[in-house]
Amino acid sequence: MDNKHFFSELRMIVGRKHVHTSSRSTERFRKGFRSGEGAAICVVRPLKLIELWRILELCVKCDKIVIMQAANTGLTEGSTPSGIYERDVVVINTLRMNKIIPLHEGKQILSFPGASLFDLEKLLDPLGREPHSVIGSSCIGASIVGGVCNNSGGSLVERGPVYTEMALYAKLNDNGQLELVNHLGIELGETPEDILEALETGRFNLNPVSGDRKASSTDYAQIVRNVHAQTPARFNADKSKLYEASGSAGKLAVFAVRLDSFQKSSEEKMFYIGTNSIDELTQIRRHILTTFDQLPVSAEYMHRDAFDLTEKYGKDILVLIDKLGTPYLPKFFAWKGAIDARLRKIPFMDGLSDKILQVFANLYPKVLPKRIREFRNRFEHHLLLKVKGEAIEQTREYLQQICNEGEAEYFECDPRENKLASLHRFAAAGAAMRYKTVHERDVSDIIALDIALRRNDREWLEKLPEELDHKLSHKLYYGHFMCHVMHQDYIVKKGYDAREVKREMLALLDKRGAKYPAEHNVGHMYFAEQDLQEHYKCCDPTNSFNPGIGKMSKKKYYN
């Protein structure tokens, strides 16, 4: 079948409007959220699960490469094409399939492939429940299934990487035959058509038993508490968290996942801690993890340099979320992406939307509350420690003690300080990219690393050798402190090769025993470790789904 007839068949499945074939109409799907771009013969956007199955059947019949994609918010280019392939590439965007079905009155949920974390937060809130992740990418529309497939982490200390052993997915077997595998633990029928129709229409038991399969990382609290271990608490290639859809990174076509939800706490308190000593923060971390009965809700670290750059180049995002709320942010980014795709073709117009937003940010009054800005002036290191329930008084007593003995100080955030401090930390993730766009004449590129340090590492703040440090204009350190998962963004000066700088960075991390990436997966930017390669090959022996990730072969059967 030639591509003309292939496109015609696709249009019969999903309708003409939802098959994109021109370079312009497919660009926003082929270009990564932060970087990366490749070619695809088309982008298809199914609405029904049975449509997704029919698309996959057609792609297998015509020997096409399939790249599954939801919100395309990944940071390592793993949900877009990259480079040259030996077969035609078809991108299947799943965002229209966004149904979420509560199970056991919301104690578990069943998510279709396009449903977002924000959708899940909104559904669970009146039930007094929370999803696995409640901060970060949920604000820009990241999908639930995407998080599962990429072992995504998050800021919530108790919950670890999102994980499930219960999923419904399609895979190609060793003989290249398409199979639909139902491991949801729910009786849905025998044939793919029966299974998908029952799931789509909700004709099944909404209180199914779980059996022996897990729907969350139930052992993570014990793992993160072991501060004496010489290995990280969580990272993408952790073999113990690779199971079918979990960690599959697009090597399976996932139709649905079943996940646990979590009881929302009735009372929470944010303690804002400032110090000029990393030893004091290390002491706080180790003491809380080893002695507190209740783990913190979150513990977010920011270095002063990250604070400063975010205050200037992340202000507009903070203001947008603060004034409009998270429901409007996915629409805002979709609108911005569509405009950027058109402006990119016009000389000197690339990045115009960011530059306009930065002018707005520069004119807008200061946003951060007075006490937070005062701590910025006095302290190099900032820790946003959120605790709940009985741990509030225990944390208060401990911080009073340690601050009396050392140089650290803290204050208890009021609701407004809590909100703005959290949003400021969230906005850090995009601050370096905004800086690069505004100062493109002075910047070679951005290196964004998410790394997992060893749990027993006391020297957690990086010290770069001078010959490497002078190649950088800015170093931004922030991250999930209790888990020892750090985000490290580097702005490379003009005239230096960012790829070579990154190689030097990774060599230093290897010597420190760190693992990377920690929670954004390998995508097309990192080599997959052996355990991860074996998982990918087990999921997709023919190498027809998202080939080339982890810098593996793009050829059929990995030959």
Side-chain angles (χ1 to χ4, degrees), residues 153-161 217-235 238 240 268-304 306 375 379-412 421 425 450-463 477-488 509 511-516 518-519:
S155 65
L156 301 180
V157 177
E158 296 174 294
R159 300 176 194 175
S217 182
T218 56
D219 59 346
Y220 187 71
Q222 179 182 354
I223 292 170
V224 76
R225 282 185 183 275
N226 186 0
V227 298
H228 304 293
Q230 297 186 21
T231 54
R234 58 179 170 95
F235 57 100
D238 182 359
S240 69
E268 292 183 351
K269 174 67 71 173
M270 173 85 82
F271 294 88
Y272 198 106
I273 303 165
T275 180
N276 290 311
S277 167
I278 67 167
D279 292 335
E280 287 187 317
L281 288 187
T282 299
Q283 182 180 348
I284 291 172
R285 172 181 176 269
R286 294 173 71 89
H287 179 86
I288 289 176
L289 289 177
T290 56
T291 66
F292 277 30
D293 294 331
Q294 175 68 58
L295 286 173
V297 175
S298 63
E300 294 298 294
Y301 167 78
M302 284 189 80
H303 187 274
R304 179 191 281 157
F375 263 48
F379 300 113
E380 182 179 0
H381 308 287
H382 299 241
L383 183 65
L384 285 62
L385 181 64
K386 183 181 290 187
V387 297
K388 64 182 180 182
E390 296 178 359
I392 294 176
E393 184 57 35
Q394 187 178 14
T395 303
R396 184 180 291 124
E397 292 176 358
Y398 172 64
L399 290 179
Q400 288 173 352
Q401 174 191 337
I402 194 170
C403 289
N404 287 336
E405 295 172 353
E407 299 179 2
E409 293 185 25
Y410 79 95
F411 63 86
E412 298 183 26
R425 162 62 185 87
D450 63 296
I451 66 169
L453 300 173
R454 296 172 298 187
R455 283 168 281 176
N456 67 344
D457 200 340
R458 293 176 182 269
E459 298 296 325
W460 49 268
L461 186 63
E462 182 177 68
K463 296 178 181 178
Y477 299 111
Y478 54 99
H480 315 306
F481 192 61
M482 294 292 166
C483 304
H484 257 195
V485 168
M486 301 295 292
H487 297 277
Q488 302 183 174
L509 291 174
K511 291 180 180 179
R512 295 175 63 189
K515 292 287 188 180
Y516 52 85
E519 57 184 13

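Here the structure is a predicted model, which means the values were calculated and not measured.
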Approximate separation, where rounding is to 0.5 Å, of Thr282 OG1 and Asn456 CG: 11.5 Å

Residue pair Phe379 / Glu407, side-chain heavy-atom distance below 4.5 Å: no

Side chain proximity check, Phe481 to Leu385, heavy atoms < 4.5 angstrom: no

Residues Glu158, Lys388; criterion salt bridge (charged side-chain N to carboxylate O under 4.0 Å, His left out); working and verdict: CA-CA 12 Å; Glu158 296 174 294; Lys388 64 182 180 182; 3.3 Å; yes

Exercise: do Glu300 and Ser155 side chains pair donor with acceptor under 3.5 Å: no

Residue pair Glu390 / Gln294, side-chain heavy-atom distance below 4.5 Å: no

Which atom of Leu453 lies closest to which atom of Ala514, heavy atoms considered: CD2-CB, 4.1 Å

Between Arg455 and Thr231: side-chain donor-acceptor atoms closer than 3.5 Å: yes

Side-chain touch His484/Trp460, heavy atoms, less than 4.5 angstrom: yes

4.5 Å side-chain heavy-atom contact, Tyr220 and Pro161: yes

Geometric class of the Phe411/Tyr272 ring pair [parallel <30°, tilted 30-60°, perpendicular >60°]: parallel

Closest heavy-atom pair and its distance - Tyr478, Ala306: CD2-CB, 4.3 Å

Contact check, side chains of Tyr301 and Arg425, non-hydrogen atoms, under 4.5 Å: no

Min side-chain heavy-atom separation Leu289-Met482 under 4.5 Å: yes

From CZ (Arg458) to CD1 (Ile278), nearest 0.5 Å: 11.0 Å

Test side-chain contact (heavy atoms from CB on, under 4.5 Å) applied to His480 and Arg234, step by step: CA-CA 11 Å; His480 315 306; Arg234 58 179 170 95; 3.4 Å; yes

Minimum side-chain heavy-atom gap Asn226-His228 below 4.5 Å: yes

Ring geometry between Tyr398 and His287 (parallel below 30°, tilted from 30 to 60°, perpendicular above 60°): parallel

side-chain hydrogen bond (donor to acceptor under 3.5 Å, both in side chains) partner of Tyr477, the single match among His487, His303, His381, Glu462: Glu462

Under the salt bridge (Lys or Arg N to Asp or Glu O under 4.0 Å) test, residues paired with Glu393 that sit two or more places apart: Arg396

Gap between atom OH of Tyr516 and atom CG of Asp450 - 0.5 Å precision: 12.0 Å

Point-to-point distance, once rounded to the nearest 0.5 Å, from CG of Leu295 to CZ of Arg159: 11.5 Å

From Leu281 atom CG to Gln283 atom CD, the distance as rounded to the nearest 0.5 Å: 10.0 Å

Cationic N near anionic O, under 4.0 Å, Glu380 to Arg304: no

Shortest non-hydrogen separation from Ala452 to Ala518 and the atoms involved: N-CB, 3.7 Å

Inter-residue atom distance Ile284.CD1 - Ile273.CD1, 0.5 Å rounding: 4.5 Å

